[in-house]
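Start at 1 and go down the list; that is how both ligands and their atoms are numbered.
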Amino acid sequence: ITSSTQKAPIRVAVTGAAGQIAYSLLFRIASGDMLGADQPVILQLLDLPQAQQAVRGVIMELHDCAFPLLADVFATDNPETAFQDAQIAILVGARPRSKGMERADLLHANANIFTAQGAALNKVASRDVKVLVVGNPANTNAYIAMKSAPDLPARNFTAMLRLDHNRALNQIALKTGRSLNDIEQLCVWGNHSPTMYADYRFATINGQSVPQLINDAQWYAEHFLPTVAKRGVAIIEARGLSSAASAANAAIEHVRDWVLGSKGRWVTMGVPSDGAYGILEGLVFGLPVVCENGEYRVIKDLPIDDFSRERIGITLKELEDERAAVAHLL
Ligand code: NAD
Ligand code: LMR
């Protein structure tokens, strides 16, 4: 017996377990990419009744990987069974946007799912469960789940903006020819939607200012911002399906950094606002954070210039509208 088998397993609930994101995500969780190479996990998988057969196939494949860290795995169509004592809950299951579908259609189709799942988390999950919502519209789904779980700490409900953050990192690395690893202090404000604002004003590479290094305002406005904002749509157009492996990777990194720390680096998480930057309290908003000791801390008091105020205002308005559209359900 190695020391790796001696830590108590962590219970990780994943919804949408038969879907395409889960098909990347589950194997990486079970291999130790998310919680560490010495941390056993129990996977508690949720999907709809009609998807149970497919989930059984995924479980067969998980078994066939013979992952030493996979202490147990089971599937269910009952949220209360899936979330029982869960310490981490990754809510992926949702109706994905297909070609030509508007985000507004998604909002209504998904609001009921996240009301029910928030209530189930409230009832049976570990009291310090960390929740990551991936299923779109992710920010508002996270807000709905949070509001439906009044006995759990609101700050434990987060939405995934990490994919947008990684997309922005990649564009900067391509433009500068520098290593992704050296890029610091990037953030993406707001909603995981084309209104998001990828902000490189504070970003540095080995201490040098990224805007000064790039020194190309036209590239910033005409290439960087729209490329990052519309990347999800570009992938749907190209694949005929929404991003999956890169979304799973972002989910792994979001939870990994939240649990194990971001080592001083800024990362972007969608978190309930405490009112900073004039963002309505409670709205789940993409913000720059640093993670340490299992907690995230929002980077405060960054200067907001006129352009940024306008851009943050646009994505904020969209989230306020989404909130208003679901208010009657809460
Ligand atoms: P998919 O259609 O392949 O899989 C979704 C799975 O969820 C299906 O197996 C479905 O049966 C299941 N499901 C539906 N309703 C459910 C419910 N109530 N409870 C449990 N399971 C349920 O979709 P996918 O490609 O895996 O994408 C999942 C979601 O992630 C979509 O909403 C997509 O738009 C979103 N997404 C978000 C990001 C992000 O950055 N936040 C990136 C990519 C995709
Ligand atoms: C993405 O950013 O790739 C997805 O959120 C796109 C989508 O609408 O599913």
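Using cut-offs of 30° and 60° on the angle between ring planes, the pair Y220 and F224 is parallel. Ring-plane geometry between Y200 and W219 is classed as tilted, the angle between the planes lying from 30 to 60 degrees on a 0 to 90 degree scale. In this pair, F202 and W266 present their aromatic rings tilted. The plane angle is within the 30 to 60° band.
When non-hydrogen atoms are compared, ligand 1 lies under 4.0 Å from the side chain of H192 (C-beta onward) but not from its backbone. At a 4.0 Å heavy-atom cut-off, ligand 2 touches N136 through the side chain alone. Under 4.0 angstrom from ligand 1, the non-hydrogen atoms of I113 all belong to its side chain. The side chain of Q117, and not its backbone, has at least one atom closer than 4.0 Å to an atom of ligand 1 (non-hydrogen atoms only; side chain from C-beta on).
Using a 4.0 Å heavy-atom cutoff, R162 is absent from the residues neighbouring ligand 1. Taking a 4.0 Å cut-off on heavy atoms, S243 registers as neighbouring ligand 1. Contact analysis leaves K230 out of contact with ligand 2, as no non-hydrogen atom separation drops below 4.0 angstrom. Within the structure, the closest approach of R231 to ligand 2 does not fall below 4.0 Å when heavy atoms are considered.
Pairs passing the ring-ring contact (aromatic ring centres under 6.0 Å, His included) check and including a residue from residues 154-183, sequence neighbours excluded, do not occur.
Remark: among candidates I21, V58, V14, the nearest residue to atom 27 (O) of ligand 1 is I21, based on non-hydrogen atoms. Residue nearest to atom 5 (C) of ligand 1, selected from A17, A94, A51, A251: A94 (by heavy-atom distance).
Less than 4.0 angstrom separates some heavy atom of S243 from each of these atoms of ligand 2: 1 (C), 3 (O). Under a 4.0 Å criterion applied to the non-hydrogen atoms of G232, ligand 2 contributes the atoms 1 (C), 2 (O), 3 (O). Atoms of ligand 1 lying under 4.0 Å from at least one heavy atom of L163, given by number and element, are 40 (O), 42 (C). Atoms of ligand 2 found under 4.0 Å from any heavy atom of R167, numbered from 1 in the order shown, are 1 (C), 2 (O), 3 (O). Set against the non-hydrogen atoms of A247, the atoms of ligand 1 under 4.0 Å away are 42 (C), 43 (C). The contact set between ligand 1 and S242, taken as ligand atoms under 4.0 Å from a residue heavy atom, comprises 25 (O).
Geometrically, ligand 1 and V134 share a nitrogen or oxygen pair separated by less than 3.5 Å. At under 3.5 Å, a nitrogen or oxygen of N136, whether backbone or side chain, sits near a nitrogen or oxygen of ligand 1. An N or O contact shorter than 3.5 Å is missing between A22 and ligand 1 by distance. Polar contact check, D164 against ligand 2: no nitrogen or oxygen pair lies under 3.5 Å apart. Considering backbone and side-chain N/O of T15, none are found under 3.5 Å from N/O of ligand 1.
Side-chain atoms of T204 do not come within 3.5 Å of backbone N or O of V210 as any donor-acceptor pair.
In terms of heavy-atom proximity, A159 sits nearest to H254 at O-CE1, 3.6 Å. The nearest pair of heavy atoms linking V228 to A168 is CG2-CA, 3.7 Å. Residue I279 comes nearest to S273 through the heavy atom pair O-OG, 2.8 Å, listed as atom of the first residue, atom of the second, then distance. Nearest heavy-atom pair across N110 and A94 is OD1-CB, 3.3 Å. Scanning both residues, N170 and R231, for their nearest heavy atoms gives ND2-NH2, 4.4 Å. Contact between G16 and D47 at its shortest, heavy atoms only, is C-OD2, 3.3 Å.
Checked by atom type, the side-chain pair R28/N249 shows a donor-acceptor distance below 3.5 Å.
Taking the side-chain contact (heavy atoms from CB on, under 4.5 Å) definition, one finds that L48 meets it with Q50, sequence neighbours left out.
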